[in-house]
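These notes concern the structure reproduced below.
A quick note: this is a predicted structure, and the numbers were derived from the prediction, not measured. Just so it is clear: chains get the letters A, B, ... in the order the sequence lines come, proteins before strands, and each one is counted from 1.
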Amino acid sequence: MALRVYDTRSREKRKLSTLDDGKVRMYVCGITPYSPSHLGHARCYLAFDMVHRWLEASGYDVDYVQNFTDIDDKILDISDSEGVEYSVVANRNIDDYLEVMDAMNVLRADHYPRVTDTIPEIIDMVSTLVDKGHAYVGDDGVYFEIDTAPEKFGQLTGQTLEMVRAGAGGRVEDTGSGKRDHRDFALWKRVKPSEPSWDSPWGAGRPGWHIECSAMSLKHFGEQFDIHGGGHDLRFPHHEAEIFQSECCTGSEPVVGYWMHNGFVNVNGEKMSKSLGNFRTIRDAFEHHAPLALRYALLSVPYRNPIDLTPEFLGDAAIHYDRLVEAYGTSLSSDTESNSDLSGASDRFTAAMDDDFNTRAAIIEVQKVVASSIGSDVAIWLEEHAGNILGLLPSSDEVRSGLAQIDSARAEVAERVESLLVEREAARKSSDWGRADEIRDELVSMGVVVEDGQDGPTWHLA
RNA sequence: GCACGGGUGGCAGAGCAGCUAUGCAAUGGACUGCAGAUCCAUGGACCCGGGUGCAAAUCCCGGCCCGUGCUCCA
């Protein structure tokens with residue numbers, strides 16, 4: 001039994017083997033905070049939160065770094081139009097991000113470095129690349145020269161230099177004017193005096209898009225680390241650019257042991273994007289779905305597969321989530337054991353998670369336990385597996401206080417309900433269905449649902 | 001065009017050589033004044049064509065179709 005992780009670079013699941021035994025250094029590309037977080041972000045950071053939790057549950061000491069790209073063209077566009085500092089826009093959206101992630105039980109990373117706090121390290125890295133001949137200074141910035149390390153090209157996407165040359169077509173002219181080759185990419189962009197900028201040996205400017213991740217991972221982890229995560233779309237060019245920058249700077253390779261990429265979110269079968277008008281923020285989704293029900297939905301498909309968030313899919317997840325919480329609550333207040341085979345469920349759960357974090361298969365084990373048993377041992381099992389590992393449960397205190405609230409709400413109406421039910425049973429006995437249904441309607445209007453069973457009626461709050 | 005990932009029952013979605021996936025929906029039954037809930041049971045699938053195996057959704061070859069990427073993107 002060993003954890004196997006799919007690595008985009010080698011295109012296979014490999015047994016996890018880390019640089020230091022028992023320790024995992026994990027870097028995940030964070031957000032560019034130019035807008036409120038959307039469902040694609042939810043999928044990505046929920047996936048890596050799950051990875052984080054499973055690694056720790058498996059006994060690893062995890063050092064988890066996730067950056068904020070807090071200076072960028074889109075942030076500047078927004079701050080210009082609002083007439084505020086770029087940091088106002090960035091901080092507002094970072095706060096939004098952390099809030100919605102907290103609501104979905106995402107554990108905090110150990111470090112959230114920002115580009116604007118990493119400028120000296122970025123400048124050092126660019127300087128080294130220039131000194132080593134991997135980068136050159138053009139008239140509008142500093143560029144990495146792909147032809148100095150062509151063997152590193154295509155490690156994550158399988159593309160060759162020729163393919164990208166052919167495929168880029170008309171877009172070539174739009175990219176930096178100082179490039180010698182369109183496949184080269186910017187390390188440092190010289191900017192207009194009116195824009196926020198930092199001094200550098202190449203003039204005032206700001207970092208290119210890819211360099212911050214290389215600089216931050218080098219700063220926090222050193223020359224090599226174990227897991228690098230991010231969205232599927234970042235494989236090229238962003239992550240391939242990181243390989244160039246990091247490995248050419250330090251000379252150590254591979255910079256990353258396992259490249260992990262999560263699949264995309266579709267909405268009703270279409271890729272979620274602003275141009276299609278089906279772009280949804282996490283906050284909007286909270287209007288219709290409990291944060292943890294949303295988490296349930298997003299974890300119920302293996303992280304590498306695309307996921308289509310249709311109303312039916314989200315509705316199913318909400319049903320399962322409610323059942324899970326109910327079973328947990330009932331089990332919490334039980335003082336007898338279920339006598340069911342929980343160790344078999346544990347084994348299958350572990351095997352599923354060890355197989356490249358197959359949360360779908362793991363959740364099925366949770367569903368089976370939820371469906372089949374109630375007991376104090378079930379409460380403990382659910383708390384560990386559905387709660388601590390998958391992060392799908394509110395805390396036991398929250399569940400208990402939720403139950404207590406329901407109890408007190410029940411107690412408030414209990415007397416009235418019981419007397420109405422007595423009256424209704426009398427009506428039913430004399431086959432006065434009109435009167436019986438009238439009383440049931442009255443109870444419904446009080447928010448009480450009546451269910452007739454073999455041993456007489458039972459009721460609960462809607 | 002090139003690269004990568006896919007095509008599984010009504011729907012969603014695992015499995016990736018042999019053993020009921022699962023959930024929702026459906027059907028039959030129990031219960032039932034009606035409703036609801038619950039319980040039991042049942043049917044139903046692996047894109048097409050070849051190949052290798054005792055055995056193929058699962059491996060190989062060839063098609064067809066879909067998604068994503070190819071310098072905004074998690």
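A donor-acceptor contact under 3.5 Å is not formed by the side chain of Asp73(A) with the base of C72(B). No N or O donor and acceptor, one from the side chain of Arg304(A) and one from the base of G67(B), sit under 3.5 Å apart. A donor and an acceptor atom sit less than 3.5 Å apart, one in the side chain of Arg440(A) and one in the base of C34(B).
Which of C4(B), A74(B), G13(B) sits closest to the side chain of Arg235(A) comes down to C4(B). Closest approach to the Val301(A) side chain among A14(B), C34(B), A74(B) is made by A14(B) (side chain taken as heavy atoms from C-beta onward). Comparing atom distances between the Asp452(A) side chain and each of C70(B), G33(B), C34(B) picks out C34(B) as nearest. Considering only side-chain atoms of Asp437(A), the nucleotide from A74(B), A21(B), C34(B) that sits closest is C34(B). If you check C72(B), A74(B), U22(B) against the side chain of Cys29(A), the one that comes closest is A74(B). Side-chain proximity of Asp308(A) to G13(B), C34(B), A74(B): nearest is G13(B). Here the nucleotide nearest the side chain of Gln367(A), chosen from C73(B), G23(B), C34(B), is G23(B). Side chain of Ile364(A), nearest nucleotide from G13(B), C34(B), U22(B): U22(B). For Trp433(A), whose side chain is taken as the heavy atoms from C-beta onward, the closest listed nucleotide among A74(B), G33(B), A21(B) is G33(B). When distances are taken from the side chain of His232(A) to each of G5(B), U68(B), A74(B), the shortest belongs to U68(B).
No side-chain donor-acceptor contact under 3.5 Å links Tyr86(A) and Asp72(A). A donor-acceptor pair shorter than 3.5 Å can be found between the side chains of Glu212(A) and Thr69(A). Side-chain contact, Glu418(A) with Trp459(A): a donor N or O sits under 3.5 Å from an acceptor N or O. Arg304(A) and Asn358(A) share no donor-acceptor pair across their side chains, judged by distance under 3.5 Å alone. In this model, a donor atom of one side chain and an acceptor atom of the other lie less than 3.5 Å apart for Ser10(A) and Asp7(A).
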For nucleotides 15-20 of chain B, which of its nitrogen or oxygen atoms have a protein nitrogen or oxygen under 3.5 Å away, and what is each distance?
residue	atom	partner	partner atom	Å
G15(B)	OP1	Asn358(A)	ND2	2.9

Give every pair of a protein N or O atom and an N or O atom of nucleotides 39-42 of chain B that lie under 3.5 Å apart, one pair per line with the distance.
none

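One interatomic measurement links the two molecules: CG of Asn262(A) to C1' of C73(B), which rounds to 12 Å at whole-angstrom precision. Between His320(A) atom NE2 and G13(B) atom P there is a gap of 13 Å when expressed in whole angstrom units. When rounded to the nearest whole Å, the span between CG of Asp441(A) and P of G33(B) equals 18 Å. Taking atom CZ of residue Phe264(A) and atom C1' of nucleotide G6(B), one finds them 16 Å apart after rounding to whole Å. Distance, Trp209(A) CH2 to C72(B) C1': 8 Å, rounded to whole Å. Rounded to an integer number of Å, the gap from NE2 of His261(A) to C1' of C73(B) is 13 Å. The distance between atom CD1 of Ile439(A) and atom P of G33(B), rounded to the nearest whole Å, is 17 Å. Rounded to whole Å, atom C1' of A74(B) lies 6 Å from atom CG of Leu234(A).
Distance noted for atom C1' between G9(B) and A45(B): 4 Å (whole Å). A14(B) and U22(B): their C1' atoms are spaced 8 Å apart (whole Å). The separation of G51(B) from A17(B), taken at their C1' atoms, amounts to 15 Å, rounded to a whole angstrom. C66(B) sits 36 Å from G43(B) when the P atoms are compared, rounded to a whole Å. With both ends at atom C1', the span from C24(B) to C64(B) equals 31 Å, rounded to whole Å. Taking atom P on both nucleotides, U42(B) is separated from A74(B) by 49 Å, rounded to a whole Å. For the C1' atoms, the distance linking C19(B) with G62(B) amounts to 32 Å, nearest Å. A gap of 31 Å separates the C1' atoms of G13(B) and C2(B), to the nearest Å.
When the nearest nucleotides of RNA chain B are assigned to Glu451(A) and Asp184(A) by heavy-atom distance, the more 5′-ward of the two goes with Glu451(A). Heavy-atom distances to RNA chain B give each of Tyr45(A) and Thr458(A) a nearest nucleotide, and the one nearer the 5′ end belongs to Thr458(A).
If you check U42(B) for Watson-Crick or wobble pairing at under 3.5 angstrom, you find it paired to A26(B). Of all nucleotides present, only C54(B) satisfies the Watson-Crick or G-U wobble test against G18(B), with each distance under 3.5 Å. With a 3.5 Å ceiling on both atom-pair distances, the Watson-Crick or G-U wobble partner of U68(B) is A3(B). Within the shown strands, nothing qualifies as a pairing partner of U32(B) under the Watson-Crick or G-U definition with both distances less than 3.5 Å. Pairing of G9(B), defined by two Watson-Crick or G-U wobble distances under 3.5 Å, is not identified with any nucleotide. Under the Watson-Crick and G-U wobble criteria, each requiring two contacts below 3.5 Å, nucleotide G62(B) is paired to C48(B).
Checked for salt-bridge contact, Arg190(A) and Asp139(A) miss the test: no charged N lies under 4.0 Å from a carboxylate O. In this structure, Glu240(A) does not pair ionically with Lys152(A), as no charged nitrogen and carboxylate oxygen lie closer than 4.0 Å. Salt bridge absent: Arg92(A) and Asp95(A) never bring a charged side-chain N and a carboxylate O closer than 4.0 Å.
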- Message: Determine whether Glu99(A) and Arg283(A) satisfy the following criterion, salt bridge (Lys or Arg N to Asp or Glu O under 4.0 Å), listing intermediate values before the conclusion.
- Response: CA-CA 10 Å; Glu99(A) 253 181 67; Arg283(A) 247 175 233 289; 3.2 Å; yes
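Aromatic ring pairs are classed by plane angle as parallel below 30°, tilted from 30° to 60° and perpendicular above 60°; the pair His228(A) and His239(A) is perpendicular. Ring-plane geometry between His111(A) and His220(A) is classed as tilted, the angle between the planes lying from 30 to 60 degrees on a 0 to 90 degree scale.
By the rule that a glycosidic angle within 90° of 0 means syn, G69(B) does not qualify and counts as anti. Anti is the conformation of A55(B), whose glycosidic angle sits further than 90° from 0.
Among the protein residues, Gly40(A) comes within range of the nucleic acid bases, having at least one heavy atom under 4.0 Å from a base atom. Within the nucleic acid shown, Val450(A) comes within 4.0 Å of at least one base atom, counting heavy atoms only. Within the nucleic acid shown, Phe185(A) has no heavy atom closer than 4.0 Å to any nucleic acid atom.
Checked against side-chain contact (heavy atoms from CB on, under 4.5 Å), Ser214(A) has the following partners two or more places apart in sequence or in another chain: Met125(A), Glu242(A), Gln245(A), Ser246(A).
Separation of the His41(A) and Tyr97(A) ring centroids does not fall under the 6.0 Å cut-off.
Proximity of Arg348(A) to the phosphate of U22(B): no side-chain N or O atom is located under 4.0 Å from OP1 or OP2.
At distances below 3.5 Å, not a single donor-acceptor pair connects side-chain atoms of Arg14(A) with backbone N or O atoms of Val5(A).
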